[in-house]
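For the numbers below, each heavy atom of this structure counts, side chains included, while hydrogens, waters and symmetry mates do not.
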Amino acid sequence: MLMNLSVIEKIDKYGLCLGCGLCESVFGKENLEMRLGEDGFFHPKIKNHDEEKEKIIQKTCPGLNIINDIPFEKNEMVWGHIEQLSAGYSLDQEIRTKGSSGGIVSAIGIFMLESGKADAVLQIGGDAADYLRNQLQVSKTREEVLRCASSKYAPALVFNNILKLFEENEDRYCFIGKPCDISALKNILAEYPQYSARIVLTVSIMCAGIPSFIGTKAIITDFHAKEPVHNLSYRGGGWPGYFTFTDSLKKTFKRTYNDSWGKTLNQHLHFRCKVCPEGIGIQADIAVGDAWETKDGYPDFTEKEGVSLVIARTLRGKDLLSESEKMRKMSFVPQKIQSLRLMQPYQYTRRTRAASRRFAFFLATGVKLNFRNLRLYETLWLTKKHLILKDAWGTFKRVIKFRRR
Ligand SMILES: Cc1cc2nc3c(=O)[nH]c(=O)nc-3n(C[C@H](O)[C@H](O)[C@H](O)COP(=O)(O)OP(=O)(O)OC[C@H]3O[C@@H](n4cnc5c(N)ncnc54)[C@H](O)[C@@H]3O)c2cc1C
Ligand code: SF4
Ligand code: SF4
């Protein structure tokens, strides 16, 4: 049945399209448009087929291609290359509070602008009037960067204008995104090398998966709030911060991170995220997540002052962090690599099971995911054999169920 479909249609039908929007940029909106589907995710809708452009997507689509270009040794096989590992936060209280964790990502963006190292920050921002409109913003001031602070646990159009943006001017950019966004960006730069010098720094947030907009809607509905809602924020204003919004009657609602992410949003994750080979920013200059403290072996989500987990993966990233620390913009405390498993238990499991999930996906579909230089098969052996089999079987069943929808 899938034989007659184009490459992009197949990517989408197999549940691999992350809705990043790159297709629209490569094809032009008049030929292909990203649309929000009933499943609460963005999908490409082809109006005019073009085989040459499909070939570009086959090589650059992050749903299919995760090609790491920062080599790492066997002793770094789970967490990727680490130049510097620390926990830290912005020394500017406004940035720290508005950020999801310690505000490090926003602080880096602002530092890049204020030091003149970048002309603009490319990052995902929302729309106070409509939570469905998460898209790439070009931030040129501290205020613009701060407007984008805090995680949006929902789909976002990241690349639907990227080529036009590169063509329009000569600006140098600091790019902030999820690990698969960093992969997509690198795939784009490999395909269009004339734009390579335009990206001066990449910063990845760590990522456990994107929930559909149905997840967001489920929380709003649960409150019986009157739509349309405004100023919806998934986090921020503390650590971990609350899911908050105001309804059309101007009533404000809030829900804890544990209840919003932990009980609802994570029930609506994208299918592709289940076979994600890395959610820890292995390819970025700097990767940032939550430096969760642990209580009884589990991350502790009690509200407190935010602290980010910060991994510099390149010398460029490390130098930038050192400079910002010297300028009293951020504060860091070195961490041991062993602490990563305690702070990010889900990411450890994902990295050590990614090979079995990829294999199960291949068995169920015949499609080989182009995940390269990630040491997936070496990390697999850190997991007990019966768990590998159980995990692969779970993925196999999930793929079959997805394809029957
Ligand atoms: C879907 C998702 C899943 C996540 N899963 C994990 C996880 O498993 N473990 C973990 O430690 N951390 C996870 N995070 C990251 C975490 O929530 C914080 O973003 C991170 O701690 C950085 O905090 P900060 O205060 O330094 O960032 P901030 O200063 O708040 O900056 C956050 C940056 O992220 C960008 N951003 C927000 N939403 C998106 C989005 N949907 N797509 C692309 N960019 C976006 C913003 O533009 C902003 O620049 C996740 C984030 C998201 C969006
Ligand atoms: S390039 Fe992006 S929008 Fe296009 S199929 Fe891949 S993930 Fe989907
Ligand atoms: S889990 Fe992986 S594939 Fe899914 S959004 Fe995050 S980085 Fe991308």
Side-chain angles (χ1 to χ4, degrees), residues 40 87-90 92-107 123-134 137 143 145-156 176 178 205-269 279 288-296 298-309 343-346:
Y89 52 87
S90 166
D92 180 319
Q93 195 57 36
E94 186 190 12
I95 303 177
R96 187 177 186 183
T97 309
K98 286 195 169 157
S100 275
S101 51
I104 288 289
V105 173
S106 299
Q123 59 181 159
I124 292 301
D127 183 331
D130 184 356
Y131 66 84
L132 299 174
R133 289 197 213 164
N134 295 326
Q137 308 283 340
E143 290 67 36
V145 173
L146 276 183
R147 224 174 282 142
C148 295
S150 158
S151 303
K152 282 115 201 119
Y153 292 110
I176 298 169
K178 301 176 291 294
I205 53 173
M206 294 191 178
C207 178
I210 349 168
S212 72
F213 284 119
I214 295 174
T216 310
K217 175 98 179 154
I219 300 179
I220 297 170
T221 310
D222 205 32
F223 278 118
H224 304 290
K226 284 260 175 281
E227 295 205 50
V229 304
H230 297 279
N231 298 323
L232 189 142
S233 173
Y234 294 84
R235 280 182 67 176
W239 188 43
Y242 291 84
F243 181 108
T244 56
F245 65 91
T246 308
D247 76 357
S248 63
L249 303 174
K250 301 212 168 16
K251 202 170 158 201
T252 299
F253 298 84
K254 75 176 190 177
R255 184 159 281 185
T256 63
Y257 171 76
N258 206 16
D259 286 345
S260 58
W261 166 261
K263 293 189 181 152
T264 307
L265 296 168
N266 75 0
Q267 302 300 306
H268 295 272
L269 296 187
V288 186
D290 290 274
W292 298 123
E293 288 169 14
T294 47
K295 207 159 99 184
D296 310 324
Y298 294 97
D300 172 17
F301 299 134
T302 321
E303 278 297 316
K304 46 178 96 75
E305 287 255 75
V307 186
S308 306
L309 167 64
M343 286 183 198
Q344 298 287 334
Y346 177 78

Give me the atom names and distance for the closest heavy-atom approach of [X] to [Y].
X	Y	answer
M206	L309	CE-CD2, 3.8 Å
A225	F245	CB-CE1, 3.5 Å
S90	I95	OG-CB, 3.5 Å
I124	C148	O-CB, 3.4 Å

Do side-chain atoms of [X] reach the backbone of [Y] as a donor and acceptor pair under 3.5 angstrom?
X	Y	answer
R96	G306	yes
K152	S150	yes
S106	V145	no
N258	G262	no

* For the rings on Y234 and W261, is their centre-to-centre separation under 6.0 Å? -> no
* Do you know which of W292, Y257, Y89 makes ring pair (Phe, Tyr, Trp, His ring centres under 6.0 Å) with W239? -> W292
* Please confirm whether R235 makes a cation-pi placement over Y153, using NZ or CZ under 6.0 Å from the six-membered ring centre and within 45° of the ring normal. => no
* Asked: Can you name the residues that form a ring pair (Phe, Tyr, Trp, His ring centres under 6.0 Å) with Y131, not counting sequence neighbours?
  -> none
* To do: Might you work through the side-chain hydrogen bond (donor to acceptor under 3.5 Å, both in side chains) test for D300 and T302, ending with a clear yes or no?
  => CA-CA 6 Å; D300 172 17; T302 321; 2.4 Å; yes
* Asked: Is any NZ, NE, NH1 or NH2 atom of the basic residue among K254 and D259 found under 4.0 Å from an Asp or Glu carboxylate oxygen of the other?
  -> no
* Asked: Is the count of non-hydrogen atoms from other residues, nucleotides or ligands lying under 6.0 Å from K226 atom NZ greater than 12?
  -> no
* To do: Could you list the residues that satisfy side chain to side chain donor-acceptor pair (under 3.5 Å) with R147, not counting sequence neighbours?
  => none
